[in-house]
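Numbered from 1 within each chain, the chains take letters A, B, ... in sequence-line order.
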Number of protein chains: 2
Amino acid sequence: MTGEAKNRRVTAADVARSLGISRATVGFVLNNTRGQTISEATRKRVIAEAARLGYRPHTAAQALARGSSRIVLLVLPDWPVEHSLGRHIAEASRVLEEAGYSLVTYTLHETGVTRPLWEALDPDVVIGMLPFSEKDLASMRASGITTIVPDPQTEPAEWQKGPSVVAGPELQVSHLAGLGHSRIAFAAPDDSRLARIIDARLAVARDTAARMGLTGMDDRRINVHDASSRSAVLEWSRDGITGVVAYNDEIAAAIAGAALREGISVPGQLAVIGHDDTPLAELFVPSLSSIRLDIEGLGRQIAMTALNAADGRGGAAEDPPLVADLIRREST
Amino acid sequence: MTGEAKNRRVTAADVARSLGISRATVGFVLNNTRGQTISEATRKRVIAEAARLGYRPHTAAQALARGSSRIVLLVLPDWPVEHSLGRHIAEASRVLEEAGYSLVTYTLHETGVTRPLWEALDPDVVIGMLPFSEKDLASMRASGITTIVPDPQTEPAEWQKGPSVVAGPELQVSHLAGLGHSRIAFAAPDDSRLARIIDARLAVARDTAARMGLTGMDDRRINVHDASSRSAVLEWSRDGITGVVAYNDEIAAAIAGAALREGISVPGQLAVIGHDDTPLAELFVPSLSSIRLDIEGLGRQIAMTALNAADGRGGAAEDPPLVADLIRREST
DNA sequence: GCAACCAGTTCCCAAGGGGGT
DNA sequence: CACCCCCTTGGGAACTGGTTG
């Protein structure tokens, strides 16, 4: 038994040999190389033969030769991401793929004991939902990654004006104000990793409240595992606060639950609104009003931003009006 | 201005040139190549110079030359994964990294409009939490991926006996039975993607119930968006069922919520236990008893399995006793 | 340490056919 | 009618950065 099948992978050279043409030509056809014209007949033969042999380009070889991996790395924050971020990522994948890129997602863990994925993947673009830390930026640069979004060059305060930050708090506050609540409090998780985004949202909430003629807004950090929500509702009750804007549904549930346990009715004595529209909001009793973001739109936007950063395609990065919807339920 | 800095990445050749030695030697040192002895002095110089120049191996080039990407692709199911799967993945990353592999996670979307990531990444191993569909297997084979876990060769029924499937339902049923509930029902989501795992868990629950001398177990599919939980609790109440084992915390919350809205007390008239110990379980009022799996352990196990599949390392794939804990709260 | 290799990509050039002068 | 030029088509070979006999 000498002629053992090596079962090697099919290469472009195999396709070329089988057709009696050159590797280069195979490459030209399969890549639609601009500046090279190939007769329609040859083109057809190449495509057919490649399919027949089951040819798959070797991605590592491609990456080496062209000097780019065609990978976009989406870095997700370590903290509980907005629910249904999944769809949003699916949509981003779809758009990127049409442009020849692959989207890989990666959750950055605070502990940082593992080597970040950008070192192992050599992505063309690293894109995050929040500005990166100096440490991460240094690590990326050391790995030769030049395209980073959000761009560390620009003012890091920029993203704070993005609709994904702004739209929610605006809706939350104006909803409560519209219902007649004149004394409103803001509640967020007691998590330092979230500090920046909490501050940004709080600022928007304050701003909106001021525009609607409300007075100062109490601001609390809640730990869902201890008694902080209990003391918060007791003090609010004492101080005449009747509406609470929560950073997310989890905090909203903690507040509403603490109120119920203290005999404060929801929404009668205290109205609560969450953010993200997670299953928790729908299932809690009473069900929680919340904010639902247009995640498909967000996904498309991420993809466009990445394409733009990678090669200037993707059109003008026009911020499409990100739609956030108020989902009204029993808690307000 | 002729000597413009090209700002090219630092290659092993640069390190070699700068030291007046050959590229090969640099490779030997940096890879600790066995069967090649390098003097300690040279070794030190190479390492120092590589660090000084900021040398990073080009992963695509490595992958091409050695014929393997050192990437393990963990495919996550499309359905809501157990909460805090994150930790579990972090632990798996850590273990794999020590062995020189990178872990990339990937959520496989049902719609399947996007090209699966294994085609773009050429991972050495693809590992899933559930057996793969024939279609996915075919696509992997076409991409040249030979190492797949769970091994499609073996009986696909195998994983159903794994502790991650078995431990939860056992604890749930025995807990309720231990509290004196003699008529128990099982509630799961109405989601066809989950059918296999639901059936597996249900079988375990039935088995456990029988062993504890309980009679038949009603089995329901719940859609959290409609009235199915309402009709379920009404019928259970009528039929004298006093305990419910839920597939996850979300279903448990839907059941408990429906009961409350119908004036059925929890746990007084109906006890409910969830699974996964998500924030929902802690925050719901009344708080929900649940099952917490040892996710770090699960992560380590995944990593070991992958290493074993990749190169036979990782030790015997001894199933470490996966610990599942009962978290008792107000709902039981 | 030299040199062959991994599997593509791409620059540059050669051959050949067609049309214009 | 002969000649020349240009454009289309496709090939040769260097190159990407490491690994290994």
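Judged by distance alone, the side chain of B/Ser139 and the main-chain N or O of B/Lys135 form no donor-acceptor pair under 3.5 Å.
A donor atom on one side chain and an acceptor atom on the other are not found under 3.5 Å apart for B/Asp122 and B/Ser69.
The distance from atom OH of A/Tyr55 to atom C1' of C/dA7 is 7 Å, rounded to the nearest whole Å. C/dG1 atom P lies 7 Å from atom CD1 of B/Ile21, rounded to whole Å. If you take CG of A/Leu30 and P of C/dA7, they are 16 Å apart, rounded to a whole angstrom. In this entry the distance linking CD of A/Gln36 with P of C/dT10 reads 11 Å, nearest Å. When the P atom of C/dC2 is taken as reference, atom CZ of B/Phe28 falls 12 Å away, rounded to whole Å. In this entry the distance linking CZ of A/Arg70 with C1' of C/dA7 reads 16 Å, nearest Å. One atom, NE2 of B/His58, and another, P of C/dG8, lie 16 Å apart when rounded to the nearest Å.
Pairing each heavy atom of A/Ser143 with each of B/Arg56, the nearest pair is CA-CG, 4.3 Å. Contact record, B/Trp118 with B/Val75: CZ3-CG2, 4.2 Å, taken as the closest heavy-atom pair. Summarising the geometry of A/Thr33 relative to A/Gly27, their closest heavy-atom pair is OG1-O, 4.0 Å, with the distance given to 0.1 Å.
Of the two residues near DNA chain C, A/Arg56 and B/Thr25, the one whose nearest nucleotide lies more 5' is B/Thr25. Comparing B/Ser22 and B/Leu64 along DNA chain C, the residue whose closest nucleotide (by nearest heavy atom) sits nearer the 5' end is B/Ser22.
A salt bridge does not link A/Arg94 with A/Glu97: every distance from a Lys NZ or Arg NE/NH1/NH2 to an Asp or Glu carboxylate oxygen is 4.0 Å or more. The pair A/Glu40-A/Arg43 meets the salt-bridge criterion, since a charged nitrogen lies less than 4.0 angstrom from a carboxylate oxygen.
Comparing the axis of the opening five pairs of the helix from C/dC2-D/dG21 to C/dT21-D/dA2 with that of the closing five pairs yields an angle of 60°, rounded to 10°.
For C/dG8, the OP1/OP2 oxygens have no side-chain nitrogen or oxygen of A/Asn31 closer than 4.0 Å. The side chain of A/Gln62 places an N or O atom within less than 4.0 Å of a non-bridging phosphate oxygen (OP1 or OP2) of C/dT9.
Residue contacts shown for A/Thr33 are absent, as no nucleic acid heavy atom lies under 4.0 Å away. Among the atoms of the strands shown, none is found under 4.0 Å from any heavy atom of A/Arg43. Across all strands, A/Arg34 comes closer than 4.0 Å to no nucleic acid atom at all (heavy-atom distances). Among the atoms of the strands shown, base atoms are found under 4.0 Å from some heavy atom of B/Ala24.
In the 5' to 3' direction, nucleotides of DNA chain D lying under 4.0 Å from heavy atoms of chain B begin and end at D/dG17 to D/dT20.
Taking the side chain as every heavy atom from C-beta outward, A/Leu96 and A/Leu307 approach each other to under 4.5 Å. Counting heavy atoms from C-beta on, the side chains of B/Leu121 and B/Tyr106 never come closer than 4.5 Å. Looking at heavy atoms from C-beta onward, B/Tyr55 lies out of side-chain contact with B/Val46 at the 4.5 angstrom threshold.
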